[in-house]
Amino acid sequence: MRPGIGPPVVHSRGVSSIRVRGGTRVDGEVAVRGAKNAVLKHMVASLLAPGRHVLTNVPRLLDVSIMGELLHHVGASCSYEDATLTVDVPERPLPEAPLELVRRMRASILVMGTLLARCGEARVALPGGDDFGSRPIDMHLDGLEAMGAEFELRHGVLEARAPHGLHGTEIFLEFPSVGATENLLLAAVLADGRTVIGNAAREPELADLAALLNDMGAKINGGGTSTIEVIGVPQLAPADHRVIPDRLEAGTYLVAAAVTGGTVRTAGCVPDHLRMELRKLQAAGCVVITGEDWIELTGPDRPGSVDFATLPYPGFHTDMHPQMVAMLSVAAGTSIMTENVYAARFRYVGELNRMGADIHTDGQHVIVRGVPELSGCEVDGCDIRAAAALVLAGLRAEGETVVTNAAHVDRGYERFVENLVGLGADVDRD
Ligand code: UD1
């Protein structure tokens with residue numbers, strides 16, 4: 001990759017597979033990168049102020065690359081070197097996000113609030129459904145409407161205008177949606193007057209976005225709490241910002257230790273961000289010790305069963321549920337998992353069952369009857385976390401597991417295979 005040129009950070013390797021030969025314990029240390037689900041929003045936030053923005057601790061991920069393409073499309077330029085992303089934002093961005101990019105990455109919808117606030121208009125292709133169900137954006141649109149936006153859907157594109165500018169208002173979300181909270185926050189910082197977002201998402205990535213926006217000159221109180229107050233300012237200025245560590249990346253490597261009975265230390269992370277996940281891993285028999293910025297987990301010979309339910313932060317993260325279910329598929333006993341965030345995030349279950357797992361879904365519940373052993377076969381890594389979970393299952397399976405569509409892991413994990421090899425796993429990539 002050449003520094004200083006265009007947006008590319010990493011490109012999809014197309015249809016590739018990860019091969020895992022099971023039966024090896026993983027042991028060692030992994031350095032955790034910046035959080036994907038923070039940096040994507042920070043990149044969008046840069047559009048709020050013309051000039052040069054510098055983000056550090058930026059992971060080299062396909063989704064970051066796609067967001068770079070979107071920024072490029074609206075007229076910004078990005079360069080990436082040594083985990084530092086520099087974004088140069090023009091005086092007047094082009095207020096549109098095309099279908100091709102929105103389809104590849106739903107987070108593109110977040111430019112709606114930003115472009116409306118900055119340009120008074122936005123044309124954003126409507127994202128369709130995906131493997132998690134229909135994933136509507138009604139809360140994003142209702143909130144923006146309350147702030148003075150008008151929408152018209154024409155030929156699959158949402159055309160938004162704020163003829164009199166955006167104004168502050170009180171919004172109470174039906175559910176603490178991460179994306180809706182972010183979209184409204186990004187719009188509110190430049191709106192006229194005071195906005196209050198009630199029942200806001202409390203995710204650490206959101207708190208980090210609020211911190212970045214405040215560094216840019218915004219006036220936000222309560223970022224990372226369920227009530228966010230924003231006093232709009234007329235303009236913002238670029239800021240340098242270090243992205244918080246990726247709790248999902250850290251959590252995934254810790255589950256690798258849990259499922260193989262090894263010991264993994266994740267360095268450069270925030271243990272508090274994984275409080276509920278660590279509690280459930282302990283309940284399954286893992287030994288966890290934490291320092292200021294590291295977590296060390298030792299897995300038992302065979303995990304015990306544990307029930308858990310996904311919930312908005314600080315609950316158990318839905319993006320950690322497939323990895324946890326992969327671990328519980330070999331647990332001694334039966335576990336029940338309840339998915340409260342996405343209606344249909346269960347495609348990976350059939351793939352685990354192909355490996356010999358005994359898992360049933362019933363509505364939003366997943367019943368996992370632990371089996372003593374999985375047996376490797378070809379499975380479809382249908383999304384980022386599913387692909388990672390199937391690789392983890394493969395670590396414990398007898399024989400070879402081939403996870404197809406493994407390009408998904410590039411969306412959320414930098415050097416996933418290399419890191420696992422560094423921990424002693426027998427894994428490679430086609
Ligand atoms: C973000 C994360 C994703 C994570 C999710 C929940 C990014 C890029 N993605 O997604 O990895 O799984 O948070 O922690 O940060 N909903 C509505 N109407 C809306 C908005 C959301 O019904 O207007 C529903 C969704 O369909 C879903 C639930 O609310 O069932 C949660 O979605 P949300 O919190 O918005 O997730 P995202 O921001 O899309």
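When a ligand or atom number is given, it counts from 1 through the structure's own listing order.
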N/O of F175 under 3.5 Å from N/O of ligand 1, yes or no?
no
R104 atom CZ: more than 12 heavy-atom contacts under 6.0 Å:
yes
Contact between ligand 1 and E182 is defined here as a heavy atom of the residue under 4.0 Å from a ligand atom; is it met?
no
Would you say Q282 has more than 12 foreign heavy atoms packed within less than 6.0 Å of its CD?
yes
Nearest to atom 12 (O) of ligand 1 by heavy atom, I384, D319, V39: which?
D319
Hey, are R60 and E414 close enough for a salt bridge, meaning a charged N less than 4.0 Å from a carboxylate O?
no
With a cut-off of 4.0 Å, which atoms of ligand 1 are near a heavy atom of G179?
35 (O), 38 (O)
How about L395 and V26: do any of their side-chain heavy atoms sit closer than 4.5 Å?
yes
Stepwise ring-ring contact (aromatic ring centres under 6.0 Å, His included) test for Y348 and H321:
CA-CA 11 Å; Y348 71 93; H321 116 214; 5.5 Å; yes
For ligand 1, which is the ligand I care about here, please tell me if V178 has any N or O atom under 3.5 Å from one of the ligand's N or O atoms.
yes
Using a strict cut-off of 4.0 Å, indicate which atoms of ligand 1 neighbour a heavy atom of D138.
17 (C), 18 (N), 19 (C), 22 (O), 23 (O)
Taking all atoms of both residues into account, what is the closest heavy-atom pair of L236 and L213, and its distance?
CD2-O, 4.5 Å
Find the distance between CG (L71) and SG (C78) and round it off to the nearest 0.5 Å.
4.5 Å
If you compare P136, P312, A107, A180 by their heavy atoms, the one closest to atom 22 (O) of ligand 1 turns out to be P136
Consider only side-chain N and O atoms of R265 and Y253, and report whether a donor and an acceptor are under 3.5 Å apart.
no
Does only the side chain of H317 get under 4.0 Å from ligand 1, or the backbone, or both, or neither? Count heavy atoms.
side chain
Short list, please: which atoms of ligand 1 are under 4.0 Å from a heavy atom of K41?
7 (C), 8 (C), 15 (O)
When you measure from the heavy atoms of M105 to every atom of ligand 1, does any distance fall below 4.0 Å?
no
Let me see the working for L423 and V30 under side-chain contact (heavy atoms from CB on, under 4.5 Å), right down to the final yes or no.
CA-CA 8 Å; L423 294 173; V30 184; 3.6 Å; yes
For T318, take its heavy atoms, then give the atoms of ligand 1 lying under 4.0 Å from any of them.
6 (C), 12 (O)
Does one side chain, of E205 or N37, offer a donor that lies under 3.5 Å from an acceptor on the other?
no
For the 3.5 Å polar cut-off, considering only N or O atoms, please tell me whether S177 and ligand 1 meet it.
yes
At a 4.0 Å threshold, what atoms of ligand 1 neighbour a non-hydrogen atom of Y342?
3 (C), 4 (C), 5 (C), 6 (C), 10 (O), 12 (O), 27 (C), 30 (O), 36 (O)
Has ligand 1 got any nitrogen or oxygen that is less than 3.5 angstrom from a nitrogen or oxygen of R106?
no
Where does V341 meet ligand 1, judged by heavy-atom distances below 4.0 Å: at the side chain, the backbone, both, or neither?
both
